[in-house]
Amino acid sequence: MASQQSAPPAAATAEIADPAPLGLAGFAMTTFVLSCFNANLLDAKLGAVVLPLALAYGGLAQLLAGMWEFRKGNTFGATAFSSFGAFWLAYYFLVKDALPALGTNPDTHKAVGLFLLAWAIFTAYMTVAALRISGAVFAVFVSLTITFVVLSIGAFGPNDSATKIGGWLGLITAALAWYTSFAGVTAYTFKRSIVPTWPAR
């Protein structure tokens with residue numbers, strides 16, 4: 001009788017780090033820089049400085065965070081970070097390629113408004129899901145939803161005052177996202193909660 005060999009043991013699933021602080025940080029920094037221009041704190045002619053961040057940090061790094069959230073089995077995190085990573089990549093190509101190609105088309109502002117409105121809709125339903133994550137994450141999504149709505153109004157108008165208000169709302173959103181990122185990364189390094197995030201129960 002042939003000898004029977006036992007099957008090799010299954011490889012242990014490797015633990016991976018929490019990608020959420022990275023995704024939140026990439027989103028926060030890129031939002032902060034763009035919002036400084038939307039709020040008219042800096043000359044709009046300098047706005048091209050946003051594009052490298054949109055491509056590398058807000059885009060690529062956040063997209064990677066979303067992929068790692070898939071690996072961790074976190075549907076919310078995977079959907080949020082992958083989508084907003086794609087948002088910043090789309091923003092990069094919108095500013096670099098699409099808008100110059102449209103040139104002086106008088107309806108360009110409406111197309112930008114539609115772009116922002118679509119993201120407002122996505123963010124709004126993600127806000128509902130965020131209720132089951134934590135108070136900190138929920139606050140980020142509420143603020144971001146309002147920001148997108150106001151910016152879309154500013155684009156559709158066009159209304160420079162609404163865009164400026166949207167810029168200030170974006171700064172608040174960035175601060176909330178940085179806070180949530182800080183909470184996550186310090187909770188890991190200190191092995192305890194340093195600042196509250198009000199997790200859902």
Side-chain angles (χ1 to χ4, degrees), residues 16-38 47-102 108-130 132-133 136-156 163 166-167 169-174 176-178 180-181 184:
I16 66 169
D18 182 6
L22 169 63
L24 286 161
F27 177 81
M29 186 181 295
T30 316
T31 301
F32 171 79
V33 175
L34 175 59
S35 296
C36 284
F37 292 100
N38 285 338
V49 73
V50 179
L51 295 183
L53 276 175
L55 182 63
Y57 200 29
L60 182 58
Q62 197 173 180
L63 183 63
L64 288 171
M67 296 301 103
W68 284 315
E69 289 284 20
F70 275 116
R71 176 68 178 78
K72 289 182 72 70
N74 182 351
T75 300
F76 177 87
T79 304
F81 292 132
S82 299
S83 296
F84 287 114
F87 165 80
W88 286 115
L89 292 173
Y91 175 84
Y92 173 86
F93 290 109
L94 175 71
V95 174
K96 187 174 183 297
D97 298 319
L99 293 181
L102 291 173
T108 295
H109 66 282
K110 295 179 183 178
V112 174
L114 178 63
F115 176 85
L116 294 169
L117 178 61
W119 282 101
I121 294 168
F122 168 76
T123 308
Y125 76 69
M126 289 296 289
T127 301
V128 177
R132 298 299 302 161
I133 307 300
V137 171
F138 179 69
V140 172
F141 276 82
V142 168
S143 180
L144 181 57
T145 300
I146 298 170
T147 300
F148 272 132
V149 169
V150 173
L151 288 175
S152 67
I153 292 171
F156 273 121
T163 298
L169 290 168
L171 291 173
I172 294 171
T173 303
L176 291 169
W178 258 326
T180 310
S181 173

Item to check | Pairwise side-chain contact, Leu116 with Val112, heavy-atom cut-off 4.5 Å (strictly under) | outcome: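 Counting from C-beta outward, Leu116 and Val112 do come under 4.5 Å.
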Would you mind writing out the side-chain donor-acceptor pairs for residues 24-34 within the sub-3.5 Å range, not counting sequence neighbours?
from  : atom 1 : to    : atom 2 : distance (Å)
Thr30 : OG1    : Gly26 : O      : 2.8
Thr30 : OG1    : Gly58 : N      : 3.2
Thr31 : OG1    : Phe27 : O      : 2.7

For [X] and [Y], work out which heavy atoms get closest and say how close.
X      : Y      : result
Ser152 : Gly113 : CB-O, 3.7 Å
Leu22  : Ala61  : CD2-O, 4.0 Å
Ser181 : Pro21  : OG-O, 2.8 Å
Ile133 : Ala129 : CG1-O, 3.9 Å
Cys36  : Leu171 : SG-CD2, 4.0 Å

Next on the checklist: Could you work out, with side chain to side chain donor-acceptor pair (under 3.5 Å) as the rule, every residue matching Glu69, not counting sequence neighbours?
Outcome noted: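 Listed in chain order: Asn74.
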Checklist entry - What pairs with Thr127 under side chain to side chain donor-acceptor pair (under 3.5 Å), at least two apart in sequence or on another chain? => result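 Applying side chain to side chain donor-acceptor pair (under 3.5 Å) to Thr127 gives Thr145.
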Item to check | Where at least one partner belongs to residues 18-27, residue pairs that pass side-chain hydrogen bond (donor to acceptor under 3.5 Å, both in side chains), sequence neighbours excluded | outcome: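 side-chain hydrogen bond (donor to acceptor under 3.5 Å, both in side chains) check on residues 18-27 returns no pairs.
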Item to check | Qualifying side-chain hydrogen bond (donor to acceptor under 3.5 Å, both in side chains) pairs, either residue in residues 80-98, two or more places apart | outcome: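 Every candidate side-chain hydrogen bond (donor to acceptor under 3.5 Å, both in side chains) pair involving residues 80-98 fails, so no pair, neighbours aside, qualifies.
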Rounded to the nearest 0.5 Å, how far does [atom2] of [Y] lie from [atom1] of [X]?
X      : Y      : atom1 : atom2 : answer
Phe84  : Leu144 : CZ    : CG    : 5.0 Å
Leu102 : Thr108 : CG    : OG1   : 4.5 Å
Leu60  : Leu89  : CG    : CG    : 7.0 Å

Item to check | Partner residues of Phe93 under the ring-ring contact (aromatic ring centres under 6.0 Å, His included) criterion, sequence neighbours left out | outcome: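 For Phe93 there are no ring-ring contact (aromatic ring centres under 6.0 Å, His included) partners, ignoring immediate neighbours.
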Using the test side-chain contact (heavy atoms from CB on, under 4.5 Å), find all partners of [X] that sit at least two apart in sequence or belong to another chain.
X      : answer
Leu94  : Ala98, Leu99, Phe115
Ser143 : Thr147, Ile172, Thr173, Leu176
Leu114 : Phe156

Item to check | Contact list for residues 51-82, test ring-ring contact (aromatic ring centres under 6.0 Å, His included), sequence neighbours left out | outcome: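 Output for this query lists Phe76-Phe141.
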Checklist entry - What residues form a salt bridge (charged side-chain N to carboxylate O under 4.0 Å, His left out) with Lys72, not counting sequence neighbours? => result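 Salt bridge (charged side-chain N to carboxylate O under 4.0 Å, His left out) check on Lys72 returns nothing, list empty.
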